[in-house]
Amino acid sequence: MKLPSRPLFRHPKTPIRPAPVHFTLQAVCDPRIERMVRALCVVMFADTDVRIKSLDSVESDGSADVTVHIVLTSDAATAVLERLVVRLARIPKVSALRWHPHTENAPAPEPPATPSDKETRSDEEPPSDKEVTSPPAVNARS
């Protein structure tokens, strides 16, 4: 009787990882808290499947534009990005947030519009990607 040959060991199947997704996160904030916003971006992505490609900031017209280019390498990394956006949205001195996926070589989009920019740019179309602006402060006692 002839037995078919079997391999001596089995090759483990490599898990299929999702394709990396490139994101850009932009925040407009008070220049006095720019360092805190940058640090929060770095701390939130530490020990996760998120790679920070660049972290830039520019000060202009009394506000700081912080731009983070990241690569998400797992589905769990998307949840980390969402938690960061929620934390940034709760900071009163962050006036605008925008985040969107793009291809690796996509050019950086325009920074998010601050409330004063929206008044002067009334002829432009509304942005197509996700944008969060903080509401004006409301005094409980009138």
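The figures here come from the full heavy-atom set of this structure, side chains too, leaving out hydrogens, waters and symmetry mates. Along the sequence shown, residues carry numbers from 1.
Both Val42 and Ile33 belong to a common hydrophobic cluster when Ile, Leu, Val, Met, Phe, Trp and Tyr are linked at side-chain heavy-atom distances under 4.5 angstrom. No chain of hydrophobic side-chain contacts below 4.5 Å, direct or via other Ile, Leu, Val, Met, Phe, Trp or Tyr residues, connects Val71 to Leu25. There is a path of hydrophobic side-chain contacts, each under 4.5 Å, that joins Met36 to Val94.
From Trp99, atom CH2 reaches atom CG of Leu88 across 10.0 Å, with rounding to the nearest 0.5 Å. Put simply, NZ on Lys53 and NE2 on His22 are 5.5 Å apart, with the number rounded to the nearest 0.5 Å. Taking CD of Glu59 as the reference point, atom SG of Cys29 lies at 8.5 Å (rounded to 0.5 Å).
Cys41 approaches Ile52 most closely through the heavy-atom pair O-CD1, 4.3 Å. In terms of heavy atoms, Ser57 sits closest to Arg38 at OG-NH1, 3.0 Å. Annotation for Gly62 and Pro31: closest pair O-CD, 3.4 Å, computed over non-hydrogen atoms.
Tested against Glu82, the residues Val85, Val86, Val80, Thr78 include a single side-chain contact (heavy atoms from CB on, under 4.5 Å) partner, Thr78. Test Leu40, Val50, Ile70 against Leu84 for side-chain contact (heavy atoms from CB on, under 4.5 Å) and you get one pass: Leu40.
Although no hydrogens or angles enter the test, the distance criterion places a donor-acceptor pair under 3.5 Å between the side chain of Thr73 and the main chain of Asp49. In this structure, the side chain of Thr67 does not engage the main chain of Asp56 through any donor-acceptor pair within 3.5 Å.
In this structure the side chain of Arg83 never reaches within 4.5 angstrom of the side chain of Arg87, judged on heavy atoms. Contact check for Asp65 versus Gln26: no side-chain heavy atoms found under the 4.5 Å cut-off.
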